[in-house]
Amino acid sequence: MIRGRAFVYGDQIDTDVLAPGAYMKRPIAELAQHCLAAIDPDFAVSVVRGDVIVAGYGFGIGSSREQAAQALVQLGVGCVLAKSFARIFYRNALNLGLPVLVLDSEHSIQRGERLEVQLETGRVKLIDKSIELHAQPIPAFLQTLLADGGLIPHLKKRFASAQNYQR
Amino acid sequence: MMTLAQKIIARAAGVATVADGEIVTCQVDLAMMHDSGGPRRVDGKLRELGVGVWDPDKVVVVSDHYVPAVDADSAEILAFTRGWVAERGIRHFYDMRGICHVVLQEHGHLRPGMFAVGGDSHSPSGGAVGAFMVGIGATEMAGVLATGEIWIRVPQTLRIELTDALCDGVSSKDVLLHLCATLGMNNDYLCIEYAGSAIADFSMQERLTLCNMAAELGGKTGIVAPDRCTYDALTAIGVETASSTHWRSDDGAAARVHRVALGELAPHVAAPHSPANSASVESFVGTRIDQAYIGACTGAKLEDLHMAARMLRGRQVARSVRLLIAPASTQTTAQAARDGTLQILTEAGAILLPSGCGACAGLGAGVLAKNEVCIASTARNFKGRMGSAESRVYLGSPFTVAASALAGAIADPRELLR
Ligand code: SF4
């Protein structure tokens, strides 16, 4: 269960906005301070652990740079809800343990509104308005990946059990 | 009956058939990484897993993003990359030889029917030779390097039927900018297959541009079924591969179809800050520019330089504009030197930059200041990508970029061909 305030953006939030090229050489903590700055200079300073990004179509379009998802993880973003995701971003996010859900419902979520997101079912509650929205739950085999904390911990587990099996 | 994408995925997954939407695990034939998203990002993860590279001979590493080093940070990244390939026993390493997608094809690493992954979003470029190649991020790449496999959802095919012939001064870049405007950038999970009676007229480099910008359409990848042109090009660079009629979509295989009559297509320009903001060049003629940039895997291959040279021959770049040209590879530069193209470009006043991603990704020479306006032959013009978040980048073909450099403002290249 994710609980946090909404940060609302439009369509095609691209990877250059999420992870600006100029900071790509720098450590992730520094890069993350510039995440979304081109369209929302306040984002990095105001976001707190568990907050939720709500966006339109094509979230994460552009480069394969994983820092686009990693910056959000670094800043403590609880999950991203969008009408659709660019496929590389979608995979990167889950591989890094960041939940991303496709939001089916039309909505008028405002910035700062409090949300509660249930990853298994895709239920999205607007806490103050007692409205409920629907997102597509993450496919089952990817939920396992997410539950393990991302691809690397997931593979670690797989390798460990393969070794036990061989013994 | 299967599409080309389905055939390649089924082969890589070791099954007879696959259906659209099905999730399968594929064995990877080739994994390509560059200096930015590659070794420096995967090394820690491989160490954490305590494993090596599954098959070093199936890995290609290209240093192209931070070349040549402009500061100590980029020098470190390049040094790390060199050390890593040596340590991991990776023989296929191209250090400052050009942009990864172009280098990969120049050196014959891709063949029809291959299933490949690349640590870069323009990896669909590999579709030019009839390989199925998708872009992935660094963690996923670490997973591929550790296991040699990857899960994939079988994409539906969107077949772009190209008919007719392009007019002079119009190129594959214009086809793609037109498609970005008409189909939008959210063609998620689709394999975009370029086909139709006109595809035979597209050279390998023009096919690379078509497949490369499948990324801008939001597709999973782009592909062109191998034909005579493909096999001839492979033979010419010494790749031995038996010509096969297997690697093509079967007649009647389910696919969405979109038709484009090329004869009616005008040169296209995309306005800031999205490739989808594109329209016929006429709507932009006269827009003043500060810089013209011919670069990137998308727009600085030998044929792209030839397009620019046709515009620039015997003419001078406007005094108010700087025209920067970064040939896509060192091989491109050598060929352009041999055939006289470089002379035409430099005599017109173009400034030659090193082969690499450079300003395309805002990393190297040629980035923009606040409020500056640029027209570029690159693939994407997202806000802030080429430098200041307050700069503005238009996209066009090499013809259009060169014509605009001469005029000092966005110009219709067809005017110079009349
Ligand atoms: S030239 Fe530009 S589009 Fe091509 S690989 Fe480099 S950064 Fe990406």
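A, B, ... follow the sequence lines: proteins, then strands. Residue 1 opens every chain.
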To the nearest 0.5 Å, tell me how far A:Ser63 OG sits from B:His122 NE2.
9.0 Å
Return the CG to CG distance between A:Asp14 and B:Asn381, rounded to the nearest 0.5 Å.
9.5 Å
Should B:Lys45 and A:Leu155 count as side-chain neighbours, where that means a heavy-atom distance under 4.5 Å?
no
Per-residue contact mode, A:Leu142 against chain B (heavy atom under 4.5 angstrom)
side chain
Quick one: which of B:Ala138, B:Ala389, B:Gly362, B:Gly119 has the most heavy-atom pairs under 4.5 Å with chain A, could you say?
B:Ala138
Is A:Ile88 close to B:Ile136 at the side-chain level, that is, under 4.5 Å between some pair of heavy atoms?
no
So CZ of A:Phe159 and OG1 of B:Thr147: to nearest 0.5 Å the spacing works out to 6.5 Å
Tell me, yes or no, whether the heavy-atom count around B:Phe80 atom CZ, taken from other residues, nucleotides or ligands under 6.0 Å, exceeds 12.
yes
Spell out, as yes or no, whether a donor-acceptor pair under 3.5 Å connects the side chain of A:Glu66 to the backbone of B:Thr139.
yes
Using salt bridge (Lys or Arg N to Asp or Glu O under 4.0 Å), reason through B:Asp73 and A:Lys25 one step at a time and then give a plain yes or no.
CA-CA 6 Å; B:Asp73 283 341; A:Lys25 282 180 285 202; 5.6 Å; no
Among residues at least two apart in sequence or on other chains, which ones pass side chain to side chain contact (heavy atoms under 4.5 Å, CB included) with B:Glu372?
B:Asp290, B:Arg322, B:Leu368, B:Ala369
A:Ile152 CD1 to B:Leu49 CG distance, which is reported to the nearest 0.5 Å
4.5 Å
Under a 4.5 Å cutoff for heavy-atom pairs, which residue among A:Arg65, A:Arg158, A:His154 has the most contacts with chain B?
A:Arg158
Look up atom CE in B:Met141 and atom CG in A:Leu151, then write down how far apart they are to the nearest 0.5 Å.
12.5 Å
Residues A:Arg87, B:Glu140: salt bridge by 4.0 Å N-O rule:
no
Looking only at heavy atoms, the pair that brings B:Trp151 and A:Arg91 closest together is O-NH2, 2.7 Å
For residues 33-43 of chain B, give me every residue with a non-hydrogen atom less than 4.5 Å from any non-hydrogen atom of chain A.
B:Ser36, B:Arg40, B:Arg41
Grab the two heavy atoms, one from B:Phe382 and one from A:Gly62, that are nearest each other, plus how far apart they are.
CE1-CA, 3.7 Å
Using a heavy-atom distance cut-off of less than 4.5 Å, which residues of residues 110-137 of chain A contact chain B?
none
Top residue by heavy-atom pair count (under 4.5 Å) with chain A, among B:Leu46, B:Ile23, B:Leu363, B:Val367?
B:Ile23
Does any backbone or side-chain atom of A:Tyr90 lie under 4.5 Å from a heavy atom of chain B? Answer side chain, backbone, both or neither.
side chain
With chain A, which of B:Met386, B:Met185, B:Lys383, B:Lys220 has the greatest number of heavy-atom pairs at distances under 4.5 Å?
B:Lys220
Non-hydrogen atoms of chain B under 4.5 Å away: do they reach the side chain of A:Asn92, the backbone, both or neither?
side chain
Go through the structure and list residues passing side-chain hydrogen bond (donor to acceptor under 3.5 Å, both in side chains) with A:Glu30, not counting sequence neighbours.
A:Arg26
Evaluate whether atom CZ of A:Phe43 has more than 12 neighbouring non-hydrogen atoms of other residues, nucleotides or ligands under 6.0 angstrom away.
yes
Are any non-hydrogen side-chain atoms of B:Arg380 and A:Ile61 less than 4.5 angstrom apart?
no
